[in-house]
Amino acid sequence: MTSRNKTPLLSLPIEALPGQGYRQRQLAEWLYGKGARQWEAMTDLPKGWRAELAEQYRLGEFAQVQAFPSRDGSVKYLYTLLDGQRTEAVYMPYPNRKTLCISSMVGCPAGCTFCATGRMGFGRNLTTAEILDQVLFVAYHQGHAPREIRNLVLMGMGEPLLNVDNVFAALERMLHPQGLALSPRRVTLSTVGIPRGIYRLAESGLGVRLALSLHAPDDETRQKIIPTAHRYSLAEIMEAVRHYYAQTKRRVTLEYTLLKGLNDHEWQARALAQHFKGLSVHVNLIPWNPWEGAPHQGSPRAQVLRFAALLEQQGIPTSVRWSRGRDVGAACGQLALAQPGGATAVGRG
Ligand code: SF4
């Protein structure tokens, strides 16, 4: 059987992995604890069983992976999937933690005008195994055990709440104690605001954090920035967010990309603060990252700081996220498969 016709082992829930009891736990440990990417590496599994597994299941989801290291230490990974489509992840090491930003789709249907991925259009949803393997591959390439990656954000290509089944299944394996054993508090799912997906997340019991990419406090401006935003009004989105908060008591993060003359006015800072009265929220202001052919300009630094100060004055905790990885197109809104110089092919997945 060719690799493409085999069942991805990562598609199986931990409890449904082949084997039973001790053997099943051993296999889960090889996959998620040690990050093995070859059957031969699983030396304490019986040889015959390994051969049987190799006949039926595949371990890796990528035909090829390229790494683009940035001057600031972050690394953009470009994954070619087995059907030739491509997606990306960004690894960001900080002195006290290792963070990974992964994708849920090839391209994205939301079409945000400031986002290079939105310009690409929609390719397809990623499978559960493709979502998980982004994490496992980065750990392998960086020489870490997979469980050393303690912070994860679903903020790369795609809208996770339009790929709910696969994203939630991947999250279950990430949070499972025999999986990646991530703490739900250290996993953030970022959405452009899909109310029915937010309700599902609230009811799912996964307990991960929600980040809302609002980008404007009024429907009119929002529809200019996010063409698909007319499907859901801000009022509907905020109702879903309030429900999520009531169910989970998790602080909501608000992502707000500042675009010059469009959504960076003082009245907009005040209106934004009004929406979040009574909710536990933290605002991340994102100075916009330029890319070739983009129809926007970023807000000047002084305006970014003024907007932040106004939110703080209204009692909204705010920070400014000066982006990492700009030089390799790995910063927020820049993920669109650009291939700057300095790529390292890091082999087949
Ligand atoms: S910002 Fe996010 S939701 Fe909007 S187009 Fe880009 S990837 Fe999609």
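Note that the structure is a prediction, hence the values are computed from the model and not measured. Start at 1 and go down the list; that is how both ligands and their atoms are numbered.
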Is the gap between the ring centers of H141 and Y91 under 6.0 Å? no
Among residues at least two apart in sequence or on other chains, which ones pass side chain to side chain donor-acceptor pair (under 3.5 Å) with E236? S233
Can you tell me if C112 has an N, O or S atom under 2.8 Å away from atom 8 (Fe) of ligand 1? no
Sub-4.0 Å atoms of ligand 1 with respect to non-hydrogen atoms of G158: 7 (S)
Residue pairs meeting side chain to side chain donor-acceptor pair (under 3.5 Å), one or both in residues 44-53, sequence neighbours left out, come to Q26-D44, W30-D44
Verify the neighbour count for atom CZ of R97: are there more than 12 heavy atoms of other residues, nucleotides or ligands below 6.0 Å? yes
For ligand 1, which atoms have a heavy atom of G111 less than 4.0 angstrom away? 5 (S)
